[in-house]
Amino acid sequence: MGFIGSGAIGSTIARLAVAAGHRVVLSNSRGPGSLADTTAELGPQASAGTSEEAAAAGDIVVVTVPVAAFPELPAAPLAGKTVIDTCNYGPERDGHIPELDGTSLASSELLLRYVPDAMLVKAFNNIYFKHLLSLARPAGAADRSYLPIAGDSGPAKAAATEFIDSIGYGVVDAGLLADSWRQATGTPVWGTPYGPPSNEKGRPTGPDVIRAALAAATR
């Protein structure tokens, strides 16, 4: 697993991935040295590199950066790979992007313009990082939670589903990348199903709740 961006969500996914037996290569905008404490905590299955090295190393690569940083992503090493996009657009952080302020484009479709040969899957963008850590459950658990994913590539969705299953979550197929606005910031499936951030343990959430929340989204 390669990680471009190692903030709250990225490092949490990495932690779950290591616990599930995956090797991870982390990167961020500050350079590999800034990740020494994180990789030491995660153990020998974790290492740090540049974003290019993380992209090249991962069979699956997680992109978890501000939308404003999309132009800086290393497109060439992501070509042909399953890339999980966790990113959320925030005008207060990213600046206003007219296409995203309107309804003509989902943020994952914008990302695809910068990494056109990657196989994008939108996932992990709708859950608070503390809930992501605390709600992980093994396959078959009665209180297993589900996450929505969206993407245009069947094989990439299958790869992402297998990975997400390995770290403790079920998956609800939310459609194509063009449909991923249904899980964007402020939609019914964004955060709310898993409980408020003040409850750090979160609330287990099954597939029917996720499907209903996706269906209730409006633009």
### Task
Go through Thr50 and Glu53 one step at a time and tell me if the side chain to side chain contact (heavy atoms under 4.5 Å, CB included) criterion holds.
CA-CA 5 Å; Thr50 65; Glu53 289 167 341; 3.2 Å; yes
### Query
How far apart are the C-alpha atoms of Val172 and Leu147, what are their side-chain angles, what is the distance that settles it, and do they pass the side chain to side chain contact (heavy atoms under 4.5 Å, CB included) test?
CA-CA 6 Å; Val172 170; Leu147 299 171; over 6 Å; no
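A donor-acceptor contact shorter than 3.5 Å links the side chain of Tyr169 to the backbone of Ala136. Arg23 places no side-chain N or O within donor-acceptor distance of the main-chain N or O of Gln45, the cut-off being under 3.5 Å. At distances below 3.5 Å, not a single donor-acceptor pair connects side-chain atoms of Asn28 with backbone N or O atoms of Gly5.
Counting heavy atoms from C-beta on, the side chains of Ser166 and His22 come closer than 4.5 Å. Side-chain contact between Ile4 and Val65: present, with at least one pair of heavy atoms (C-beta onward) separated by less than 4.5 Å. Here the side chains of Ser145 and Arg137 are not in contact, with every heavy-atom distance at 4.5 Å or above. Asn125 is not listed as a side-chain neighbour of Cys87, based on a closest heavy-atom distance of 4.5 Å or more. Using a 4.5 Å heavy-atom threshold, the side chains of Leu16 and Leu132 count as touching. Between Tyr194 and Lys130 the shortest side-chain heavy-atom distance does not fall below 4.5 Å. Residues Arg15 and Leu42 form a side-chain contact, since some pair of their non-hydrogen atoms from C-beta on lies under 4.5 Å apart. The shortest distance between side-chain heavy atoms of Val121 and Val83 does not fall below 4.5 Å.
For the pair Asp179 and Arg182, the salt-bridge criterion is not met [side-chain N within less than 4.0 Å of a carboxylate O].
Atoms CE and CD1, on Met1 and Ile13 in that order, are 7.5 Å from each other to the nearest 0.5 Å.
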Which donor-acceptor pairs under 3.5 Å do the side chains of residues 68-82 make with protein atoms, sequence neighbours left out?
residue : atom : partner : partner atom : Å
Lys81   : NZ   : Ala55   : O            : 2.7
Lys81   : NZ   : Ala56   : O            : 2.8
Lys81   : NZ   : Gly58   : O            : 2.8

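Hydrophobic clustering (side-chain heavy atoms under 4.5 Å, transitive across Ile, Leu, Val, Met, Phe, Trp, Tyr) groups Ile167 together with Ile149. The cluster map of Ile, Leu, Val, Met, Phe, Trp and Tyr, joined by side-chain heavy atoms under 4.5 Å apart, puts Leu110 and Trp181 in different clusters. The same ILVMFWY cluster, assembled from side-chain heavy atoms under 4.5 Å apart, contains both Phe163 and Val171. In the hydrophobic cluster analysis, where Ile, Leu, Val, Met, Phe, Trp and Tyr join through side-chain heavy atoms closer than 4.5 angstrom, Val24 is grouped together with Val62.
In this structure, Leu176 stands alone, with no Ile, Leu, Val, Met, Phe, Trp or Tyr side-chain heavy atom under 4.5 Å from its own, directly or through other members.
Of all non-hydrogen atoms in Asn126 and Gln183, the two that sit nearest each other are CB-O, 4.1 Å. In this structure, Lys122 and Asp85 approach most closely via the heavy-atom pair NZ-OD2, 3.1 Å.
Within 6.0 Å of CG on Asp101 lie more than 12 heavy atoms contributed by other residues, nucleotides or ligands. Taking a 6.0 Å sphere around CZ of Arg219, one finds it holds more than 12 heavy atoms contributed by other residues, nucleotides or ligands.
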